[in-house]
> 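Take a look at the following structure, please.
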Protein chains: 2
Amino acid sequence: MKHDVEELLKTHGVKPTPQRMVIAEFLLDTHSHPTADDVFQAVKDKLPVSLSRATVYNTLNALVAKGVIQEVTTEAGRVRYDANMSDHHHFVDIETGTVIDIPAETLNQIKLELGDQYKVRSFHVTIFGEVVSGKSKE
Amino acid sequence: MKHDVEELLKTHGVKPTPQRMVIAEFLLDTHSHPTADDVFQAVKDKLPVSLSRATVYNTLNALVAKGVIQEVTTEAGRVRYDANMSDHHHFVDIETGTVIDIPAETLNQIKLELGDQYKVRSFHVTIFGEVVSGKSKE
DNA sequence: TCTGTATTTAGAATAGTTCTAAACGTGGAC
DNA sequence: GTCCACGTTTAGAACTATTCTAAATACAGA
Ligand SMILES: [Mn+2]
Ligand SMILES: [Mn+2]
Ligand SMILES: [Zn+2]
Ligand SMILES: [Zn+2]
């Protein structure tokens with residue numbers, strides 16, 4: 001099999017229920033960075049029972065908490081989910097909103113070009129960390 | 001005066017009403033990257049009339065559309081507003097959520113250190129542009 | 001002054017997400 | 001094998017952020 005989803009969930013401490021398996025399987029099989037509703041729509045008919053949105057959100061939140069997937073935010077107010085946990089950045093096509101993975105080594109020293117496949121209009125570095133010294137600048 | 005808000009709005013094609021002036025003034029005076037509700041709370045008692053949330057959203061959207069301010073997204077599902085239109089990135093304190101401006105030249109060639117004031121835990125490059133060639137990777 | 005148009009307002013509507021309480025399912029304890 | 005406790009799922013209510021709607025208001029220009 002391409003993915004041993006059951007094993008993946010177990011090793012991350014998530015009990016592999018049918019709902020969680022089918023959600024994780026969908027995320028592992030796509031590169032589309034789907035929203036919660038995208039996941040719900042894609043998965044709801046793959047189960048013999050009706051699927052609740054609450055289960056989709058519970059599962060996505062659990063998978064994020066356990067490090068199986070990550071959240072990706074490319075536009076204000078839309079949360080997307082990503083099973084690609086390798087070190088990578090995101091290229092957003094400003095015409096379609098499509099989110100494409102860019103391996104970290106592709107950006108070894110940030111340049112304004114990414115090669116000829118992508119035309120960079122702008123980029124934004126979001127840094128997460130801690131303030132060490134107390135030099136307030138407000 | 002520190003800011004000629006009226007002139008700023010006029011030069012960007014936004015008619016300077018009292019509501020718009022007080023909202024723009026607040027944004028220009030802070031480095032706190034406030035949310036729409038932060039703006040509403042900060043500004044609502046500075047006007048002789050009651051202020052509607054719709055006006056706050058209308059104004060923020062108009063100022064973004066005209067390039068007077070920009071939206072900043074540092075955490076999933078929270079839109080913040082920023083009157084600093086210089087070329088800069090954002091440092092997010094992961095303990096408090098505080099958003100701090102980092103001038104672009106500080107990151108002349110992305111390193112994992114920012115100097116001793118900030119300890120970088122992780123960073124994410126979001127790139128906006130257009131796909132040129134048709135080499136689909138899905 | 002009159003009037004057309006832009007702006008503002010309060011509240012309804014919508015969208016995304018979380019919460020609640022009841023029903024369900026299942027892996028041990030016996 | 002039966003039972004039960006507990007984790008999971010479900011439907012729908014609740015909540016939050018934002019947008020929409022329709023009516024009132026402001027006001028620049030004729
Ligand atoms: Mn698969
Ligand atoms: Mn000022
Ligand atoms: Zn990705
Ligand atoms: Zn900023």
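Labels below follow one simple rule: chain letters A, B, ... track the order of the sequence lines, proteins then strands, and each chain is numbered from 1.
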> Do the side chains of B/Tyr57 and B/Val64 join up, straight or via other hydrophobic residues, at under 4.5 Å, putting them in one cluster?
no

> Measuring to OP1 and OP2 of C/dG25, would you say a side-chain N or O of A/Thr17 lies under 4.0 angstrom away?
no

> If you only use heavy atoms from C-beta on, which nucleotide in C/dC19, C/dG16, D/dA17 is closest to the side chain of A/Tyr57?
C/dG16

> Using a distance-only test with no angle check, is there a side-chain donor-acceptor pair under 3.5 angstrom linking B/Asn58 and B/Thr55?
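Note: B/Asn58 and B/Thr55 side chains miss the donor-acceptor criterion.
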
> Specify the separation, in whole Å, of atom CG of A/Leu60 and atom P of D/dT9.
12 Å

> From CZ of B/Arg80 over to C1' of D/dT16, roughly how many Å is that when rounded to an integer?
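Answer to the nearest Å: 15 Å.
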
> Find which nucleotide of DNA chain D each of B/Val49 and B/Asn58 is nearest to by heavy atoms, and output the residue with the more 5' nucleotide.
B/Asn58

> Does a nitrogen or oxygen in the side chain of B/Ser52 sit under 4.0 Å from OP1 or OP2 of C/dG11?
no

> Indicate whether OP1 or OP2 belonging to D/dT10 is found under 4.0 Å from a side-chain N or O atom of A/Thr55.
yes

> For B/Lys15 and D/dA26, give me the distance from atom NZ to atom P, rounded to whole Å.
14 Å

> Return yes if a side-chain donor-acceptor contact under 3.5 Å exists between A/His3 and A/Asp29, otherwise no.
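Short answer, yes.
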
> Have a look at B/Thr35 and say if it touches a base, only the backbone sugar-phosphate, or nothing, with a 4.0 Å heavy-atom cut-off.
nothing

> Nearest 0.5 Å please: distance from the CZ atom of B/Arg20 over to the CD atom of B/Glu6.
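Answer rounded to 0.5 Å: 13.0 Å.
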
> Report the nucleotide, chosen from C/dT17, D/dT9, C/dT8, that has the shortest atom-to-atom distance to any side-chain atom of A/Ala36.
C/dT17

> Should B/Arg53 be listed as having a side-chain N or O under 4.0 Å from OP1 or OP2 of D/dA17?
no

> Can you measure B/Met21 atom CE to D/dA26 atom P for me and round it to whole angstrom units?
17 Å

> When the distance from CG of A/Leu51 to C1' of C/dA23 is rounded to whole Å, what number comes out?
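To the nearest whole Å, that distance equals 16 Å.
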
> In whole angstroms, how far is the P atom of D/dA24 from the CD atom of B/Gln19?
18 Å

> Whole angstroms only, please: what is the CZ-P distance between A/Phe40 and C/dA15?
15 Å

> Look up atom NZ in A/Lys66 and atom CG in A/Leu8, then write down how far apart they are to the nearest 0.5 Å.
12.0 Å

> Can you check the B/Leu9 CG to C/dA6 C1' distance for me, whole Å?
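Rounded to the whole Å, the gap is 15 Å.
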
> Within the 4.0 Å heavy-atom criterion, would you say A/Asn61 contacts the bases, only the backbone, or no part of the nucleic acid?
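Here A/Asn61 touches the backbone only, sparing every base.
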
